[in-house]
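Worksheet: one structure, shown below.
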Amino acid sequence: MKSKIAFCFLLSAFCFFSLFAQRVTITGKIENNRFTQADLRLLYKEDGVSFGTAKVNADGTFKLTANIPKTDLYKLVFTDGQHVMMSLSPNQNIELTLDANNLTSILSAKGSPSMEFVKTVADMVGSLRILLDSVNSALQADKDVQFYNEFQSQFKPFFDANAEADAFAVQVARTTDSLQQFVNSKVVKGKVDSKEIDAFIYVSSNFLKSIAVNYTKYRNYVHSMSLFYDFKNNRNQKFESFFTSSVDKYLELLDQRDAKMNTFTDFIAQIEPFLLLRDSLHIHGLADKKKEKELLVTNIIQLSGMQSNIKETEHNLLAYARVSDGYGKYAMQEAQRNISTTVQKYQTFFDNEMKKRNEATMNFLLAHKNDLAVLMFVDVFPKDQNPAFHQEIIKALHAKYPDHPVVAERYKIESSPATSTSIGAMAPDIALPNPDGQIMKLSDLRGKVVLLDFWAAWCRPCRVENPNVVRAYKKYHDKGFEVFSVSLDRDKATWVKAIKDDELIWPYHVSDLKFWQSEAAKIYGVSGIPATFLIGKDGRIIAKNLRGAALENALKELFD
């Protein structure tokens, strides 16, 4: 007898457990496997509770059997903490193929409509990453972009080096001019005052040394650039118009600069012997001898006179530098503009394709909005940019899974007035009686632009605003504008009289005469009046609390 009782108790316990936990089997194959164990847990909890574990074989195969209480979101956690999101229901036998290198993508899924749905959506979302990689690869391989990028990488150092060469060339001319002015100021009838001869030689020598140093720097820059850059001969004929529009003009000015600097060749060639002579006199202690000083003075006078029209030369070099700087910068800007134009073409293509794919994915999610697995993907699309999409998904899930903790939490947020009446959200419906007791619904005006207006006869600001609403109604009613007025009055007679007195000529006037306890006011979170919501033809809220000119301007944009 005791044995029978114990058996019945165990049988009852098994039946009771079976009501709340039913078996699910997951048979899997992991490509590129590096895992040794799989563990099934809830997706949205970190409580460490495991519903079942399985060994992952060296070849990547595994079979996990678990008892789960209900349809829910789970994660299959592998050895190193990586996981796969899953939507599971009791009594399912699921076959999965995964890739250890990319667990966000499911290679194959059988035995569960939800997991097949998860695979499809994961593929749709993953296709955007593939698209982005493809567009980036195409952009990097684009011949125009490659050309202009290469041009920029070569022309920029060439341009910078020439800017330095310009500065040295101008300095050569400017210092030569200073030398000539100094010599002319000190030489009288071919001689220098004996009291000033030492200072004359010292200052003139420094001028000459500076000229030689700056000319050498200029020449070194020009020589170095000739070794590394040749924009005259090394050019792609496909881009000939680009070269002729700016680069060739830049190079032409460089040639003019170099031609002008060639006039300094003989002058520079004589400076070094002079400096060597001066140094030699110092070394041999002859620098203080009158005869030797006079020799140095004679050489300085001769050198200073070798360059004629130095002011004009200096002016020309400055002009070449200024104009070439403009052409050089224009060439680099034009190259960047061409790159930007090409990049924008790829960006536009990607944006358009992404928009189409996002719309397709969102429509697919909406088509399966009753599947709990939608929760895995709804946040791929930001809530602040897609409020109506989130509302529709969460409301549908709440209707089917009202006790699910994640759904309940999200539904609470979505159904709060602040969320349900945010810009872009579908306007919650209102169904209240008009003065004659007839129920009027806000949703009956779908297809029109509607101003939902919360007001009351006792509200002075509301009464002041009413003429503006009347004016807007008269101006745009024939174009599809309607007003749906919700009164927060308590007294019907007062409400009806205010409608008549303010000539609120539209037919849609409703109220439950509950004052601040108005059901409509609760739904829309109205805590002060007047309060208005402008609703588009598709039923979405497009603006709030528009008054006076702001209302007319908004309607003008919609209708005019």
Side-chain angles (χ1 to χ4, degrees), residues 31-32 82 84-87 96-109 113-152 238-239 334-394 396-397 422-426 536-542 557-558:
E31 296 185 0
N32 303 307
Q82 294 191 63
V84 175
M85 297 188 298
M86 306 187 73
S87 176
L96 286 180
T97 305
L98 306 171
D99 184 351
N101 294 331
N102 182 18
L103 292 178
T104 60
S105 176
I106 298 173
L107 300 181
S108 68
S114 285
M115 285 308 299
E116 292 172 10
F117 163 78
V118 169
K119 171 181 166 38
T120 300
V121 180
D123 289 346
M124 296 173 80
V125 173
S127 72
L128 286 176
R129 183 181 64 254
I130 296 171
L131 172 66
L132 179 60
D133 291 342
S134 174
V135 171
N136 281 333
S137 296
L139 179 59
Q140 292 173 8
D142 188 279
K143 297 301 182 183
D144 287 8
V145 173
Q146 287 180 347
F147 166 77
Y148 287 114
N149 274 328
E150 183 178 359
F151 172 82
Q152 283 186 319
K238 176 184 175 181
F239 304 96
E334 189 66 15
Q336 186 57 51
R337 277 193 291 269
N338 288 328
I339 291 173
S340 298
T341 298
T342 304
V343 170
Q344 186 57 49
K345 291 179 181 177
Y346 283 93
Q347 184 66 54
T348 299
F349 168 79
F350 176 77
D351 289 345
N352 291 337
E353 189 64 25
M354 181 176 69
K355 182 180 179 181
K356 288 192 295 186
R357 296 190 186 194
N358 278 342
E359 288 177 352
T361 304
M362 291 173 73
N363 289 334
F364 188 72
L365 291 174
L366 288 171
H368 296 78
K369 60 188 177 184
N370 295 317
D371 193 320
L372 193 61
V374 173
L375 275 178
M376 296 179 184
F377 303 100
V378 66
D379 289 326
V380 169
F381 305 97
K383 183 178 182 302
D384 59 340
Q385 299 174 25
N386 306 277
F389 169 75
H390 279 256
Q391 278 189 333
E392 186 171 346
I393 293 289
I394 299 304
L397 289 176
S422 60
I423 303 298
M426 293 296 295
K537 294 179 180 180
D538 60 354
R540 300 183 191 278
I541 297 171
I542 56 179
E557 289 186 11
L558 292 170

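Computation of the quantities below employed the complete heavy-atom set of this structure, encompassing side-chain atoms and omitting hydrogens, waters and symmetry-equivalent molecules. Please read all numbers here as calculations on a predicted model, not as lab measurements.
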Roughly how far, to the nearest 0.5 Å, is CG of L366 from CD1 of I393? 4.5 Å

Take I339 and Q336 through the test side-chain contact (heavy atoms from CB on, under 4.5 Å) and record every step on the way to the result. CA-CA 5 Å; I339 291 173; Q336 186 57 51; 4.2 Å; yes

Minimum heavy-atom distance D99-L103, with the two atoms named: O-CD2, 3.3 Å

What closest approach, in Å, do T97 and S108 show between heavy atoms, and which atom pair accounts for it? OG1-OG, 2.7 Å

In Å, rounded to the nearest 0.5 Å, how long is the span from CD1 of I423 to CD1 of I542? 8.5 Å

Pairs involving residues 365-377, ordered by first then second residue, that meet salt bridge (charged side-chain N to carboxylate O under 4.0 Å, His left out) (sequence neighbours left out): K369-E392

Would you please test N358 and L128 for side-chain contact (heavy atoms from CB on, under 4.5 Å) and show each step? CA-CA 9 Å; N358 278 342; L128 286 176; 3.2 Å; yes

Contacts satisfying salt bridge (charged side-chain N to carboxylate O under 4.0 Å, His left out) that involve residues 140-149 (not counting sequence neighbours) are D144-K238

So do M86 and L96 actually touch side chain to side chain, heavy atoms under 4.5 Å? yes

Rounding to 0.5 Å, atoms NE2 (H390) and OG (S422) come to a distance of 11.0 Å

Would you please name every residue forming a salt bridge (Lys or Arg N to Asp or Glu O under 4.0 Å) with D351, sequence neighbours left out? none

What's the spacing between M362 CE and M124 CE if we round to 0.5 Å? 11.5 Å

Heavy-atom donor-acceptor pair, T361 side chain to R357 backbone, under 3.5 Å: yes

Interatomic spacing from NZ in K345 to CG in L139 - rounded to 0.5 Å: 12.0 Å

Start with the C-alpha gap between L365 and V378, add the side-chain angles, then the distance that decides, and say whether side-chain contact (heavy atoms from CB on, under 4.5 Å) holds. CA-CA 8 Å; L365 291 174; V378 66; 5.7 Å; no

With sequence neighbours excluded, residues passing ring pair (Phe, Tyr, Trp, His ring centres under 6.0 Å) with F389: F381

Contact check, side chains of D538 and M426, non-hydrogen atoms, under 4.5 Å: no

Straight-line distance of Q152 CD to E334 CD, nearest 0.5 Å: 11.0 Å

Looking at residues at least two apart in the chain, or sitting in another chain, which of them share a ring pair (Phe, Tyr, Trp, His ring centres under 6.0 Å) with H368? F117, F364

Here the pair of heavy atoms bringing F151 nearest to A335 is CD2-CB, 3.9 Å

So, are K356 and E359 salt-bridged, with charged N and O less than 4.0 Å apart? no

Stepwise side-chain contact (heavy atoms from CB on, under 4.5 Å) check, V135 with E353: CA-CA 11 Å; V135 171; E353 189 64 25; over 6 Å; no

Over all heavy atoms of both residues, which pair between P387 and G424 is shortest? Give the atoms and the distance, please. CG-C, 3.5 Å

Could you name each residue pair satisfying salt bridge (charged side-chain N to carboxylate O under 4.0 Å, His left out) that touches residues 116-138, not counting sequence neighbours? K119-D123

Hey, does the side chain of E31 reach the backbone of L98 with a donor-acceptor pair shorter than 3.5 angstrom? no

Restricting to non-hydrogen atoms, name the atom on A141 and the atom on Q146 that form the minimum distance, rounded to 0.1 Å. CA-NE2, 3.6 Å

Do we see a donor-acceptor contact under 3.5 Å between the side chains of T348 and Q344? yes

